[in-house]
Amino acid sequence: MAERSQTAPEAGNDTGNEDAIGGNVSKYIALPNGYSGQPKKGHLTFDACFESGNLGRVDQVSEFEYDLFIRPDTCNPRFRVWFNFTVENVKESQRVIFNIVNFSKTKSLYRDGMAPMVKSTSRPKWQRLPPKNVYYYRCPDHRKNYVMSFAFCFDREDDIYQFAYCYPYTYTRFQHYLDSLQKRNMDYFFREQLGQSVQQRQLDLLTITSPEDKSDLENSVMQKKIKIPKLSLSHVEDDGEAKDYGEEDLQLRHIKRPEGRKPSEAAHKSIEAVVARLERQNGLSLGHSTCPEEVFVEASPGTEDMDSLEDAVVPRALYEELLRNYQQQQEEMRHLQQELERTRRQLVQQAKKLKEYGALVSEMKELRDLNRRLQDVLLLRLGSGPAIDLEKVKSECLEPEPELRSTFSEEANTSSYYPAPAPVMDKYILDNGKVHLGSGIWVDEEKWHQLQVTQGDSKYTKNLAVMIWGTDVLKNRSVTGVATKKKKDAIPKPPLSPHKLSIVRECLYDRIAQETVDETEIAQRLSKVNKYICEKIMDINKSCKNEERREAKYNLQ
């Protein structure tokens, strides 16, 4: 799997009529069909030419979907499970779907919640994909073979992303681990070369037992003449001991112990040896020994010049792991600081916009008040409504009241973004027990004061509609003049006056503006005016029908 060179197509690839897969892909750029030119950002580059990598072929199905073919195991062409590859040259927020189309297993842990692993250059720690984005199913497009599909979204353009079946554990890492154990010269650990693999890699034989049992084990193996399978293509060097192998086909786990020796005797001796060695180490540490080799390694001719750091393999590994975690935490902290700075700049910009918006809202309210007063003056000139002193109204239109003037001056000296709304009664004209709402609409002053203490937008709107139109008009009208769709033969009713509806909305707006300055909330509450009036019309019609039923029942009686 770790071969970097492109090898010949392997025989026995059980993938139907698909082309035989050779070696791993090396910096393969997936270009769309019919595209010619230099690759751009978003044209994914696949690579599996590294140790433990496996990806044999890439087919781009669409702009977002890719079919991936994995190579089979060495000397076992029917077994295809492992995959490990990298993807680069991505775009930010680019979404893709990867399909591993030539799995050889019908049952997989992917069907029970397992998910592939992923990491990137900025996040070197392996993480599992969300199980909800992973699917394992039979695909009719691939001869009903099992396919594993997973969706992923790239979030950083400069990163190189790596995907794997599970946590990779390479041969090189394993050899380094065995070398570190061998350098410690432990009495109970023995490492020998058993042979070589087909790809000329070393095969190790590890023996973990007490020194007293090692000679017994070797004698037992030689007496039983255990046959060790030949796993190397190269011939083993001929020596005196190798000639005895191959006469009987027995396994190591079937070795019989010498007669007269109990099964637990070797284990007992091994435990005693470990305890004695630990006591010797504790005694040396209590005696303030200055030579660390005496604690871990017995003196030998080849250990005088051994570096003291080699005896502390585990502490060094822990130190490197802590250092990596610390660097990762620093990187995350740097990203968080950048995000915080960007958020702070956005908040400053939003504050400036809110300040400008508050000034615009203040000007709009002032213009709305002046516009309403001018409308009243024009209506009075046309003769609608009771007579009012025009000179007084003109003076009011040209010069704001002292209270409003003081309010505007206070708002100009404050840092608030939204000015406080003026009282509702200051915006409407009172005369002879009547209140002028605008557009020639007058209501009774006492009812108007009762309306101001009404709780809730719904009740306020319904009572105001009754005051303006009356129940006799409302029961024969509709808000929009469109017939209802609930009844097939429904006859549309005349709509309500648009200018009166606008008066209802303005009155409700003035009421809401006293409670909140949030324009979004005001717009949401104003959008329900038609709904409230429709409910009031339905209530009036329902009460009228109930009254008719009672009268009909009374007449029958």
Side-chain angles (χ1 to χ4, degrees), residues 343 346-376 400 404 407-408 410-412 414-429 435-441 443 448-469 474 477-482 484-485 493 495-539:
T343 305
Q346 292 177 356
L347 288 175
V348 171
Q349 294 177 359
Q350 292 294 334
K352 292 180 180 179
K353 291 181 180 179
L354 286 174
K355 191 172 183 180
E356 296 174 358
Y357 181 72
L360 292 175
V361 170
S362 176
E363 294 178 1
M364 184 178 67
K365 287 180 178 295
E366 184 178 354
L367 290 174
R368 185 183 289 117
D369 295 337
L370 294 176
N371 185 24
R372 183 181 288 111
R373 295 175 186 272
L374 289 174
Q375 288 179 4
D376 296 338
L404 292 176
T407 303
F408 293 151
E410 291 176 0
E411 290 174 355
T414 58
S415 60
S416 175
Y417 295 152
Y418 296 100
V424 177
M425 292 302 301
D426 294 342
K427 297 183 179 181
Y428 301 100
I429 299 174
V435 179
H436 186 231
L437 304 181
S439 299
I441 299 175
V443 295
W448 174 256
H449 286 296
Q450 293 177 359
L451 182 66
Q452 299 307 314
V453 297
T454 305
Q455 298 294 330
D457 297 343
S458 174
K459 195 171 182 180
Y460 178 87
T461 306
K462 293 176 182 179
N463 293 342
L464 181 59
V466 172
M467 290 171 60
I468 294 176
W469 282 285
L474 288 175
R477 298 289 187 91
S478 66
V479 179
T480 58
V482 180
T484 180
K485 297 180 180 180
K493 296 181 179 180
L496 295 175
S497 303
H499 69 280
K500 291 185 178 180
L501 282 174
S502 64
I503 293 298
V504 174
R505 290 192 179 90
E506 288 184 5
C507 293
L508 182 60
Y509 177 85
D510 294 334
R511 174 188 173 90
I512 298 174
Q514 290 184 332
E515 301 175 1
T516 179
V517 295
D518 188 359
E519 291 295 330
T520 304
E521 182 182 353
I522 294 174
Q524 290 178 354
R525 294 170 67 176
L526 284 177
S527 63
K528 299 179 181 180
V529 170
N530 290 357
K531 175 186 174 183
Y532 297 149
I533 298 177
C534 287
E535 291 176 355
K536 185 61 179 178
I537 293 174
M538 293 173 63
D539 293 341

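These numbers were taken from a predicted model, which means no experiment stands behind them.
- Comment: Arg511 does not engage Glu506 in a salt bridge, judged by the lack of any side-chain N to carboxylate O separation of less than 4.0 angstrom.
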Please determine whether salt bridge (Lys or Arg N to Asp or Glu O under 4.0 Å) holds for the pair Arg368 and Glu363, giving the CA-CA distance in whole Å, both sets of side-chain angles, and the decisive distance to 0.1 Å. CA-CA 9 Å; Arg368 185 183 289 117; Glu363 294 178 1; over 6 Å; no
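- If you take CH2 on Trp469 and CD1 on Ile537, they are separated by 8.0 Å, rounding to the nearest 0.5 Å.
- For the atom pair CD1 (Ile512) and CD (Glu519), the distance works out to 10.5 Å, reported to the nearest 0.5 Å.
- By the 4.0 Å N-to-carboxylate-O rule, Lys352 lies too far from Glu356 to be salt-bridged with it.
- Taken to the nearest 0.5 Å, the CD1 atom of Ile468 stands 7.5 Å off from the NZ atom of Lys500.
- Checked by atom type and distance alone, the side chain of Arg477 pairs as donor or acceptor with a backbone atom of Pro495 at under 3.5 Å.
- Note: Lys459 NZ to Leu451 CG = 10.5 Å, rounded to the nearest 0.5 Å.
- In terms of modelled atom types and a separation under 3.5 Å, the side chain of Ser478 and the main chain of Lys493 share a donor-acceptor contact.
- Partner Lys462 forms a side chain to side chain contact (heavy atoms under 4.5 Å, CB included) with one of Asp539, Thr454, Leu474, Ile533 and no other, that one being Asp539.
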Evaluate the side-chain contact (heavy atoms from CB on, under 4.5 Å) criterion for residues Tyr460 and Gln452: first the C-alpha distance (whole Å), next the side-chain angles of each, then the deciding distance (0.1 Å), finally the verdict. CA-CA 8 Å; Tyr460 178 87; Gln452 299 307 314; 3.8 Å; yes
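- With hydrogens and angles disregarded, no donor-acceptor distance shorter than 3.5 Å links the side chain of Ser362 to the backbone of Ala359.
- Side-chain contact between Val361 and Lys365 is present, with heavy atoms from C-beta onward closer than 4.5 Å.
- The CD1 atom of Ile441 sits 9.0 Å away from atom CG of Leu464, with the distance rounded to the nearest 0.5 Å.
- A donor-acceptor pair is defined here as one N or O able to donate and one able to accept, closer than 3.5 Å; such a pair exists between the side chain of Thr516 and the backbone of Asp518.
- Under a cut-off of 6.0 angstrom, the local environment of CD in Gln346 is crowded, with over 12 non-hydrogen atoms contributed by other residues, nucleotides or ligands.
- One finds the OH atom of Tyr509 at 12.0 Å from the CZ atom of Arg525 (value rounded to the nearest 0.5 Å).
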